[in-house]
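Side chains are part of it too, since the values below use all heavy atoms of this structure and drop only hydrogens, waters and symmetry mates.
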Amino acid sequence: MRAKIERLLATLAIVAILAPAARAANDAPPAPDFAFGAYQRGDYLVAMKEAKKRIAANPKDAAALALVGQLYLEGAGVGRDLSTAMEWFKRGADAGDREAAYLYGAAALNGAGAPKNRAVARVYLEKAAAQDHPAALHLIGELALENEGAPSDFGRAADYFRRAAAKGDADSLYALGLLYKTGRGVPKDEREAAEWFRRAAELDFAPAMVEFAVLQFNGVGAPRDRAAAAQWFRKAAAKGNAVAQNRLAHILAEGLGVEANLAEAREWRDKSREAGLNDPSLDYLSSASAPAKPTAVK
């Protein structure tokens with residue numbers, strides 16, 4: 001459940017690189033936006049010049065402030081400087097830019113380019129969440145699970161995950177599936193869990209593919225369909241998910257929903273081992289005969 005927080009530092013730049021297109025569509029002024037136009041063309045020096053011209057005319061031009069932060073974050077036309085980027089994002093957030101608020105809040109949470117301060121992080125994440133920023137909503141849900149060392153507030157987390165899920169956030173769709181699967185913060189409901197996992201899986205979220213495939217394979221919360229489950233395992237395995245690789249090795253070895261293929265089963269077993277998942281029950285694949293077929297996967 002805390003995967004989002006753990007990935008934030010590593011993915012901060014990637015998230016930000018995706019931001020300008022959405023910001024241009026949602027937050028840019030109706031007049032021609034020469035700064036973002038230059039950014040999108042890759043003319044970063046002009047983008048910086050135009051953005052700063054706008055800021056000189058209006059120090060609270062949120063989109064222009066955020067764009068300068070973006071340029072420093074990427075090192076586009078300037079030296080890459082995470083701290084300077086976050087200073088500009090903070091200014092953009094204070095002026096009302098929701099993406100800048102999310103990025104600065106995430107940075108303050110992790111100490112990535114901004115002083116680590118959970119209280120400050122929460123303020124800026126709430127700014128973004130108030131504007132229905134999906135990732136900010138999800139992250140506040142994650143914080144409710146951590147809950148400053150107190151028992152997790154599953155109900156509050158579920159509320160935020162639901163709001164983010166309504167915006168199509170795959171992490172939150174998956175998180176809701178886990179809550180319904182375990183009955184934490186919501187009534188335990190395997191059908192509901194399967195539905196949230198399915199929706200996240202259809203957004204290409206590998207952990208959800210695995211969860212939905214397991215339920216579908218076993219006919220729990222979803223109609224039993226081993227062939228369809230095998231396809232979800234295969235798709236997640238191809239994305240490097242070690243659990244999916246392991247499960248796919250089992251069903252290929254035993255011909256469950258697919259034609260048995262020991263050679264391919266060995267390949268997926270080896271990939272899962274390389275990823276750190278060592279399953280002794282698959283050791284037999286190094287030789288010949290297979291064991292009795294199980295009736296379920298977990």
Review point. Just by distance, do the side chain of Q216 and the backbone of W232 share a donor-acceptor pair under 3.5 Å?
Key: no
Practice item. State yes or no: do L262 and L282 share one hydrophobic cluster built from I, L, V, M, F, W and Y residues joined by side-chain heavy-atom distances below 4.5 Å, directly or via other members? Key: yes
Point to revise | Output field: ring centroids F161/H138 closer than 6.0 Å | key: yes
Revision key, fill the gap. When every non-hydrogen atom of A230 is compared with those of I251, the smallest separation belongs to CB-CD1, 3.5 Å
**Study point:** From CA spacing to verdict: salt bridge (Lys or Arg N to Asp or Glu O under 4.0 Å), E202, R198
**Key:** CA-CA 6 Å; E202 289 177 350; R198 180 191 63 78; 2.8 Å; yes
Point to revise | Polar side chain donor-acceptor pair, N147 to D153, under 3.5 angstrom | key: no
Check your understanding: Please walk me through it: do Y39 and L71 pass side chain to side chain contact (heavy atoms under 4.5 Å, CB included)?
Key -> CA-CA 9 Å; Y39 173 85; L71 293 168; 3.7 Å; yes
Check your understanding: What do the steps show when you test H250 against S281 for side chain to side chain contact (heavy atoms under 4.5 Å, CB included), and what is the final call?
Key -> CA-CA 9 Å; H250 276 286; S281 72; 3.3 Å; yes
Exercise for review: Start with the C-alpha distance between Q40 and D33, add both sets of side-chain angles, then the distance that settles side chain to side chain contact (heavy atoms under 4.5 Å, CB included), and finish with yes or no.
Suggested key: CA-CA 11 Å; Q40 291 166 344; D33 194 333; over 6 Å; no
Review point. For the hydrophobic clusters of this structure (ILVMFWY residues joined by side-chain heavy atoms under 4.5 Å, transitively), does one cluster hold both V120 and L109?
Key: yes
Revision key, fill the gap. All heavy atoms of Q245 vs all of G240, minimum pair found to be NE2-CA, 3.6 Å
Point to revise | More than 12 heavy atoms from other groups under 6.0 Å of CZ on R162 | key: yes
Practice item. Please assess R91 against I55 for the test side chain to side chain contact (heavy atoms under 4.5 Å, CB included), listing each intermediate value before the final yes or no. Key: CA-CA 11 Å; R91 291 178 61 184; I55 293 166; 4.0 Å; yes
Check your understanding: Taking C-beta and beyond as the side chain, do I140 and R156 meet within less than 4.5 Å on heavy atoms?
Key -> yes
**Study point:** Closest non-hydrogen atom pair, A121 against G105
**Key:** CB-O, 3.3 Å
Check your understanding: Between S172 (side chain) and D169 (backbone), is there a donor-acceptor pair under 3.5 Å?
Key -> no
Point to revise | Residues R269 and S286: side-chain donor-acceptor under 3.5 angstrom | key: yes
Practice item. Search all heavy atoms of G69 against all heavy atoms of A85 and return the closest pair with its distance. Key: O-CB, 3.3 Å
Review point. With a 4.0 Å cut-off, would you call K53 and D61 a salt bridge?
Key: no
Review point. So how far is it from L176 CG to D171 CG, rounded to the nearest 0.5 Å?
Key: 11.0 Å
Review point. Between the side chains of Y104 and E99, is a donor N or O closer than 3.5 angstrom to an acceptor N or O?
Key: no
Check your understanding: Is the backbone N or O of L73 less than 3.5 Å from a side-chain atom of R80, with the two atoms forming a donor-acceptor pair by type?
Key -> yes
Revision key, fill the gap. Value for OH (Y102) from CZ (F89), rounded to nearest 0.5 Å, stands at 11.5 Å
**Study point:** Nearest non-hydrogen partners of K167 and P134, listed with the distance
**Key:** CB-CG, 3.5 Å
Exercise for review: Report yes if the side chains of F217 and D225 come closer than 4.5 Å at any heavy-atom pair, otherwise no.
Suggested key: no
Review point. When rounded to the nearest 0.5 angstrom, what distance separates CG in D97 from CG in L67?
Key: 10.0 Å
Check your understanding: If you round to the nearest 0.5 Å, how far is CD of E264 from CD of E259?
Key -> 10.5 Å
**Study point:** Side-chain heavy atoms of W268 within contact of L252, under 4.5 Å
**Key:** yes
Practice item. Look at E211 together with K181 and state whether they make a salt bridge at an N to O cut-off of under 4.0 Å. Key: yes
Check your understanding: Under a 4.5 Å cut-off applied to non-hydrogen side-chain atoms, are N110 and K116 in contact?
Key -> no
**Study point:** Validation row: R118, E146 side chains within 4.5 angstrom (heavy atoms)
**Key:** yes
**Study point:** Check: E50 and R54 side chains under 4.5 Å, non-hydrogen atoms
**Key:** no
Check your understanding: Is the side chain of R226 donor-acceptor paired with the backbone N or O of L256 at a distance under 3.5 Å, no angle test?
Key -> no
Check your understanding: Do D279 and R247 sit within salt-bridge range, that is, some charged N less than 4.0 Å from a carboxylate O?
Key -> no
Revision key, fill the gap. Note: A229 and A213 closest approach over all heavy atoms is CB-O, 3.4 Å
Point to revise | Polar side chain donor-acceptor pair, D94 to Y124, under 3.5 angstrom | key: yes
